[in-house]
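Given the structure is predicted, the values throughout are model-derived calculations rather than measurements. Keep in mind that the numbers below use all heavy atoms, side chains included, and drop hydrogens, waters and symmetry copies.
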Amino acid sequence: MTEIRELLLSRIREVADYPEPGVMFKDITPLLADPAAFTALTDAFAEIARRTGATKVVGLEARGFILGAPVAVRAGVGFIPVRKAGKLPGATLSQAYDLEYGSAEIEVHAEDLSAVDRVLVVDDVLATGGTAEASIQLIQRAGAEVAGVAVLMELGFLAGRTRLETALAGAPLEALLTI
């Protein structure tokens, strides 16, 4: 696992002062452009999906789509997008949550999840945990069970893991990299 972590970390570019001054943005586009690194990431997440008994993978808009869809294919399970409000046609479940500067809302098609599903949430970064927490609440409201959360990077200094502990109710939170 150390080799994979080193490979992944070597393909993440730091961009200073983006999207605003003082922020050191972690850009994963070089990782996505490298087939060996992207495959290693997909395989690591697919192993988490298998280990947790996931029957579906939820990808959080937008980079969670890029990561979650190939993980679902590799693990042999379904993929469910969780979108920003107003982006999905038809009947949806929505969940509002607070951001550092305001609020947001996410949605999922309710019929895509059921009581027999165990759902792994996949995203690129765990920061404060607001979006992940809202997605867990959506999954539970749809009647499904949360198998866990898997992220490429956890920004440990923002304490998102602590925020998610109660919502996860013992399900694992796995970060391939902690920064």
When clusters are formed by joining ILVMFWY residues with side-chain heavy atoms under 4.5 Å apart, either directly or through shared neighbours, do [X] and [Y] land in the same one?
{"X": "Leu113", "Y": "Val116", "answer": "no"}
{"X": "Ile80", "Y": "Leu88", "answer": "no"}
{"X": "Met24", "Y": "Val151", "answer": "no"}

Please step through side chain to side chain contact (heavy atoms under 4.5 Å, CB included) for the pair Ile4 and Leu176, ending with a clear verdict.
CA-CA 9 Å; Ile4 292 172; Leu176 300 181; 5.6 Å; no

Taking atom [atom1] of [X] and atom [atom2] of [Y], what is their separation to the nearest 0.5 Å?
{"X": "Met153", "Y": "Asp123", "atom1": "CE", "atom2": "CG", "result": "9.5 Å"}
{"X": "Leu93", "Y": "Ile139", "atom1": "CG", "atom2": "CD1", "result": "11.0 Å"}
{"X": "Arg83", "Y": "Ile106", "atom1": "CZ", "atom2": "CD1", "result": "12.0 Å"}
{"X": "Ile179", "Y": "Leu158", "atom1": "CD1", "atom2": "CG", "result": "11.0 Å"}
{"X": "Glu107", "Y": "Leu138", "atom1": "CD", "atom2": "CG", "result": "8.5 Å"}

Where do [X] and [Y] come nearest, in terms of heavy atoms and distance?
{"X": "Val58", "Y": "Phe79", "answer": "C-CE1, 4.4 Å"}
{"X": "Ser135", "Y": "Leu60", "answer": "CB-CD2, 3.5 Å"}
{"X": "Leu7", "Y": "Ala37", "answer": "CD2-CA, 3.7 Å"}
{"X": "Ala132", "Y": "Leu126", "answer": "CB-CD1, 4.4 Å"}
{"X": "Pro172", "Y": "Ala147", "answer": "CD-O, 3.2 Å"}
{"X": "Ala54", "Y": "Val77", "answer": "O-CG1, 3.4 Å"}

Say whether, by atom type as modelled, one donor and one acceptor occur between the side chain of [X] and the main chain of [Y] under 3.5 angstrom.
{"X": "Asp27", "Y": "Glu14", "result": "no"}
{"X": "Gln140", "Y": "Val146", "result": "no"}
{"X": "His109", "Y": "Pro89", "result": "yes"}
{"X": "Thr39", "Y": "Ala36", "result": "no"}
{"X": "Arg11", "Y": "Ile28", "result": "no"}

Output side-chain donor-acceptor pairs under 3.5 Å for residues 62-71, partner residues at least two apart or in another chain, one line each.
residue, atom, partner, partner atom, Å
Arg63, NE, Asp124, OD2, 2.4
Arg63, NH2, Asp124, OD2, 3.4

Non-neighbouring partners of Asp117 that pass salt bridge (charged side-chain N to carboxylate O under 4.0 Å, His left out), sequence neighbours left out
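Partners of Asp117 under the salt bridge (charged side-chain N to carboxylate O under 4.0 Å, His left out) test: Lys56.
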
With sequence neighbours left out, the residues meeting salt bridge (charged side-chain N to carboxylate O under 4.0 Å, His left out) with Glu6 are none

Identify all side-chain donor-acceptor contacts of residues 163-171 below 3.5 Å with residues at least two apart in sequence or on another chain.
residue, atom, partner, partner atom, Å
Arg163, NE, Glu133, OE1, 2.9
Arg163, NH2, Glu133, OE1, 3.1

Could you go step by step and tell me if Ile12 and Leu177 meet the side chain to side chain contact (heavy atoms under 4.5 Å, CB included) rule?
CA-CA 11 Å; Ile12 297 170; Leu177 304 170; 3.5 Å; yes

Mind checking who shares a hydrophobic cluster with Val73, ILVMFWY linked at side-chain heavy-atom distances under 4.5 Å?
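Listed partners: none, Val73 stands alone.
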
Residues passing the side-chain hydrogen bond (donor to acceptor under 3.5 Å, both in side chains) test with Gln95, sequence neighbours excluded, are Gln137, Arg141

Would you say the side chain of Glu174 lies within less than 4.5 Å of the side chain of Glu47, judging by non-hydrogen atoms?
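Glu47 does not reach Glu174 side chain to side chain.
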
Glu145/Arg118 salt bridge by N-O under 4.0 Å criterion
yes

Within a 6.0 Å radius of atom CZ on Phe25, are there more than 12 heavy atoms belonging to other residues, nucleotides or ligands?
yes

Evaluation steps, side chain to side chain contact (heavy atoms under 4.5 Å, CB included), between Thr42 and Phe38
CA-CA 6 Å; Thr42 301; Phe38 195 18; 3.8 Å; yes

Might you work through the side chain to side chain contact (heavy atoms under 4.5 Å, CB included) test for Phe45 and Leu120, ending with a clear yes or no?
CA-CA 10 Å; Phe45 277 164; Leu120 178 67; 5.7 Å; no

